[in-house]
Amino acid sequence: MKFFPISQSVFCLYADIDGFPELFEGIWTIKKSGVSLNCFMVKGEKTALIDLTSDWADASKQIISALTSSGLSLKSIDFLILNHLEPDHTGFLREFRRENPKCEIISTAKGINLLKSFYSISEGVRAVKDGDTLDLGGNHILSFFETPNVHWPETMITWDAASGILFSCDAFGSFGKLNGRVFDDEFTEAEHAAFETESLRYYANIISSFSLFVEKALEKLKPLDIKCVAPSHGIVWRKNPRVIIDRYAKYASYAKAGEKRITVVWGSMYGNTKAGLDAVIRGIEQEGVPYAIHRVPDEDISYVLADAYKNAGLVIAMPTYEYAMFPPMAYVIDLFRRKHIFNKTVLRIGSFGWVGGAKKEYEAAIIPLKWNSLESYEWAGFPVEADLSLLEERGRELARKVLNL
Ligand code: FEO
């Protein structure tokens, strides 16, 4: 955990999580990217810590050591503000409370309920609601904005009008380690590009189901003169806070209309479905529409979800397996439903051996997804010339539809 000044009286402390755990929320891989856990200290006459950290790896040790190196300790904190109770931000709470039993814990009413169920804490807590304030003295009056379902029901955002810093917790966050830097003006263009990819993946994995609530939250924050966006994962945006705000607005809009690109998700047992897919891809390429391709189950679902959320077009290519969908694709489709991958223009294709079955199960599974489906195509065994020719045309048709959205 490091200690970085945002102003003379506001500081960021963060820990990079690298290697353990490998899965965020127990689902989404952070093996390659890592993730940072950011906390913020606001020092007026009283001191507030905004968001805590997990008990992952040595994250909690890092916060203690950062405080110690600045002549502080856990006991120096008068108020602990918990914008969100998910354990990546609160796993250290039991130990914190033992060390500093007098610190008042502030959260929304729903957050206070979770304090009791997660950590058996019900004393020394204060529930706040939209518009409530906390005066720390020294010109720091913190305000609270409830932002329900961004991304759990109890979430809120904390605002320091004096410094113009928005402490947004998960909102405006990203996967990706910080590697010794915190602020947007400290990263290279290439690093920013990598963070952009990771912020989309983070959004698609964690927040996409709640895009309507993200839009409501963005509307609520509009009157604020935001000078710095300080999320609890990823870069702190002190130079160009609009970059991440606009990026989140764009991500939220993908729930209704994606980019004019196609995501190809495919699985194949012995290459027969793959041979048909190659023809579809030739058709897409002839129309010049960019596409991203993911094989399941090889590709981690986290990356599949990010592209499927972002792009307007989708190809699902899978064989029939035991009279039903290819099981790894059944998982993908189920996750698309759970994550609201709605409003896509979709082509499904696939081979069957003895008898079909994927079609029936697939068509029932996608009913809630509100997809605009092209006529699907199945063939027995290896695709013959007539199959390939038709599949190529279907690829062109899908690409044209995506272009004309
Ligand atoms: Fe970063 Fe929803 O926890």
Side-chain angles (χ1 to χ4, degrees), residues 1 12-18 20-31 33-40 49-57 59-60 62-63 80-94 96 105-108 110-115 117-119 144-158 166-178 182 195 198-214 216-217 229-237 244 247-248 251-252 302 305-306 309 338-340:
M1 181 71 72
C12 172
L13 303 82
Y14 88 89
D16 269 339
I17 303 299
D18 185 9
F20 178 84
E22 291 187 352
L23 297 176
F24 195 82
E25 291 189 330
I27 311 173
W28 318 112
T29 184
I30 49 170
K31 195 173 172 181
S33 64
V35 70
S36 75
L37 301 175
N38 309 341
C39 316
F40 299 93
L49 187 67
I50 301 174
D51 295 328
L52 202 54
T53 183
S54 68
D55 51 0
W56 295 341
S60 53
Q62 290 185 54
I63 191 173
L80 175 63
I81 295 167
L82 295 176
N83 283 320
H84 175 36
L85 268 289
E86 197 159 10
D88 53 328
H89 307 289
T90 57
F92 176 44
L93 190 51
R94 278 192 193 88
F96 178 92
I105 302 177
I106 292 171
S107 189
T108 58
K110 287 186 173 128
I112 297 297
N113 285 342
L114 290 170
L115 270 178
S117 55
F118 280 3
Y119 301 106
F144 306 106
F145 294 91
E146 292 182 74
T147 52
N149 295 316
V150 184
H151 63 130
W152 289 108
E154 87 289 4
T155 46
M156 68 175 189
I157 280 175
T158 300
L166 188 74
F167 303 98
S168 58
C169 198
D170 279 349
F172 309 121
S174 171
F175 291 139
K177 287 175 292 176
L178 292 173
V182 168
F195 268 108
E198 285 303 310
S199 63
L200 171 70
R201 188 167 70 90
Y202 170 92
Y203 186 98
N205 292 181
I206 310 232
I207 300 178
S208 60
S209 312
F210 305 105
S211 289
L212 192 63
F213 293 92
V214 172
K216 282 185 187 169
V229 172
S232 293
H233 301 292
I235 294 172
V236 174
W237 301 82
I244 193 67
R247 197 177 284 169
Y248 262 61
Y251 295 165
S302 168
L305 198 56
Y309 180 66
R338 291 169 192 273
K339 288 292 177 182
H340 299 189

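Counting starts at 1 for both ligands and their atoms, in listed order.
Within the protein, the N, O or S atoms lying under 2.8 Å from atom 1 (Fe) of ligand 1 are Asp88 OD2, His89 NE2, Asp170 OD1, His233 NE2.
In this structure, CG in Leu115 is found 6.0 Å from OG in Ser107, a value given to the nearest 0.5 Å. Note that NE2 of His233 is 4.0 Å distant from OH of Tyr202, once rounded to the nearest 0.5 Å. Taking OG1 of Thr53 as the reference point, atom CG of Leu37 lies at 4.0 Å (rounded to 0.5 Å).
The environment of Trp152 atom CH2 is sparse: at most 12 non-hydrogen atoms of other residues, nucleotides or ligands sit within 6.0 angstrom.
Ring geometry for His89 versus His84: interplanar angle of 30 to 60°, hence tilted. Ring pair Phe96/Phe92 is perpendicular by interplanar angle, where above 60° counts as perpendicular and below 30° as parallel.
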